[in-house]
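The structure under discussion appears below in the form of structure tokens.
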Amino acid sequence: KATSAKSIVNGVVFISFKHVVDMRGDLTEISLHRDLPFLPKRVFLVQNVPDSRVRGEHAHKQCHQCLVCVNGSLRVIVDDGENREEFSLSSPTDGLYLPPMIWGIQYKYSEDAVLLVYASHGYDPNDYIRDYEQFLKEVSSD
């Protein structure tokens with residue numbers, strides 16, 4: 001079973017998935033119903049990101065996400081409008097859960113980085129808040 005640690009950012013959780021090592025190799029298990037706080041409806045990969053590029057820079061109104069770096073490494077900043085924390089993702093055994101209304105930034109992708117994202121909703125451009133000032137207004141009005 002996965003273990004987790006809460007972030008200082010409201011609702012964000014760092015998840016360590018079940019990992020088994022034996023002479024045949026390593027196995028990491030992610031049980032969608034047990035280990036994630038939502039059932040994914042979409043899964044996508046982000047890769048071949050030049051190391052100077054920044055991805056994310058948005059929040060979702062309703063969509064939950066879990067970020068897993070399945071190869072290489074990258075940095076993630078999460079922000080709830082009051083608290084901000086930075087994480088390093090560099091192992092497929094670790095995931096970072098972002099609930100709705102968390103500003104997320106991904107950067108410092110290694111050349112070989114592959115980011116796997118589990119999302120609770122299909123793609124909907126209306127679910128995104130892409131302006132940080134607008135995000136701050138919306139989270140302060142809650």
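What you see below is based on every heavy atom in this structure, not just the backbone, and it leaves out hydrogens, waters and symmetry mates.
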Checklist entry - If you group Ile, Leu, Val, Met, Phe, Trp and Tyr whenever their side-chain heavy atoms sit less than 4.5 Å apart, what else falls in with Leu39? => result Val13, Ile15, Phe17, Ile30, Leu32, Leu36, Phe38, Val43, Leu45, Val68, Val70, Tyr97, Val114, Leu116, Tyr118
Checklist entry - Taking all atoms of both residues into account, what is the closest heavy-atom pair of Asp131 and Gln134, and its distance? => result OD2-N, 2.8 Å
Checklist entry - Going through the checks in order, is the side chain to side chain contact (heavy atoms under 4.5 Å, CB included) test met by Ser31 and Glu29? => result CA-CA 6 Å; Ser31 177; Glu29 176 188 358; 4.0 Å; yes
Checklist entry - Say you draw a straight line from CG of Asn83 to CD1 of Ile102; how long is it, rounded to the nearest 0.5 Å? => result 9.0 Å
Checklist outcome for this item: Closest heavy-atom pair, Ser120 versus His64, reported as atoms and distance to 0.1 Å, is OG-N, 2.8 Å
Checklist entry - Any Lys/Arg nitrogen of Glu85 or Lys6 sitting under 4.0 Å from an Asp/Glu carboxylate oxygen of the other? => result no
Item to check | Note: Arg130-Glu57 ion pair, threshold 4.0 Å (strictly below) | outcome: no
Checklist entry - Could you state the interatomic distance from NZ (Lys137) to CD1 (Ile129), rounded to the nearest 0.5 Å? => result 12.0 Å
Checklist outcome for this item: Note: Phe44 and Gln65 closest approach over all heavy atoms is CZ-NE2, 4.0 Å
Checklist entry - Taking a hydrophobic cluster as the set of Ile, Leu, Val, Met, Phe, Trp and Tyr residues connected by side-chain heavy atoms closer than 4.5 Å, whether directly or through intermediates, do Val76 and Phe14 fall within one such cluster? => result yes
Checklist entry - Between Leu115 and Cys69, what is the shortest heavy-atom contact and its length? => result CD1-N, 4.1 Å
Next on the checklist: Any side-chain to backbone donor/acceptor pair from Asp94 onto Ser16? Under 3.5 Å, distance only.
Outcome noted: no
Checklist entry - Within the side chain of Ser110, is there an N or O that forms a donor-acceptor pair under 3.5 Å with the backbone of Ser73? => result yes
Checklist entry - Where the side chain of Asp127 meets the backbone of Cys63, is there a donor-acceptor pair that is under 3.5 Å apart? => result yes
Next on the checklist: Any non-hydrogen side-chain atom of Val21 less than 4.5 Å from a side-chain atom of His19?
Outcome noted: yes
Item to check | Residue pair Glu138, Met101: steps toward the side chain to side chain contact (heavy atoms under 4.5 Å, CB included) verdict | outcome: CA-CA 9 Å; Glu138 292 201 28; Met101 296 307 290; 3.9 Å; yes
Item to check | Heavy-atom donor-acceptor pair, Asn71 side chain to Asp112 backbone, under 3.5 Å | outcome: yes
Checklist entry - Any chain of hydrophobic side-chain contacts (each under 4.5 Å) joining Leu98 to Ile8? => result yes
Next on the checklist: If you count every heavy atom of other residues, nucleotides or ligands that lies below 6.0 Å from Arg24 atom CZ, does the total exceed 12?
Outcome noted: no
Next on the checklist: When you measure from the side chain of Asp80 to the backbone of Val9, do you find a donor-acceptor pair of N or O atoms at a distance under 3.5 Å?
Outcome noted: no
Next on the checklist: With a sphere of 6.0 Å drawn around CZ of Arg84, does it hold more than 12 non-hydrogen atoms of other residues, nucleotides or ligands?
Outcome noted: yes
Next on the checklist: Are Leu96 and Ile105 linked, directly or through intermediate hydrophobic residues, by side-chain heavy-atom contacts shorter than 4.5 Å (ILVMFWY only)?
Outcome noted: no
Checklist entry - Would Val49 and Tyr107 show up in the same hydrophobic cluster when neighbours are defined by side-chain heavy atoms closer than 4.5 Å? => result no
Next on the checklist: For a side chain to side chain contact (heavy atoms under 4.5 Å, CB included) check, start with the C-alpha distance between Gln106 and Val54, then their side-chain angles and the critical distance, and finish with the verdict.
Outcome noted: CA-CA 6 Å; Gln106 300 91 48; Val54 176; over 6 Å; no
Checklist entry - Does Tyr128 have its ring centroid less than 6.0 Å away from the ring centroid of Tyr123? => result yes
Next on the checklist: Do Val139 and Val12 sit in one hydrophobic cluster, given that two such residues count as connected whenever their side-chain heavy atoms are within less than 4.5 Å of each other, even indirectly?
Outcome noted: no
Item to check | Minimum heavy-atom distance between Val78 and Phe87, given as atom pair plus value | outcome: CG2-CE1, 3.8 Å
Next on the checklist: Looking only at side-chain N and O atoms, does Asp79 offer a donor or acceptor that is under 3.5 Å from a partner on Tyr132?
Outcome noted: yes
Item to check | Minimum heavy-atom distance between Arg53 and Tyr109, given as atom pair plus value | outcome: O-CD1, 4.5 Å
Next on the checklist: Evaluate Glu86 against Arg75 for side chain to side chain contact (heavy atoms under 4.5 Å, CB included), listing each step before the verdict.
Outcome noted: CA-CA 7 Å; Glu86 185 171 344; Arg75 306 285 296 173; 2.8 Å; yes
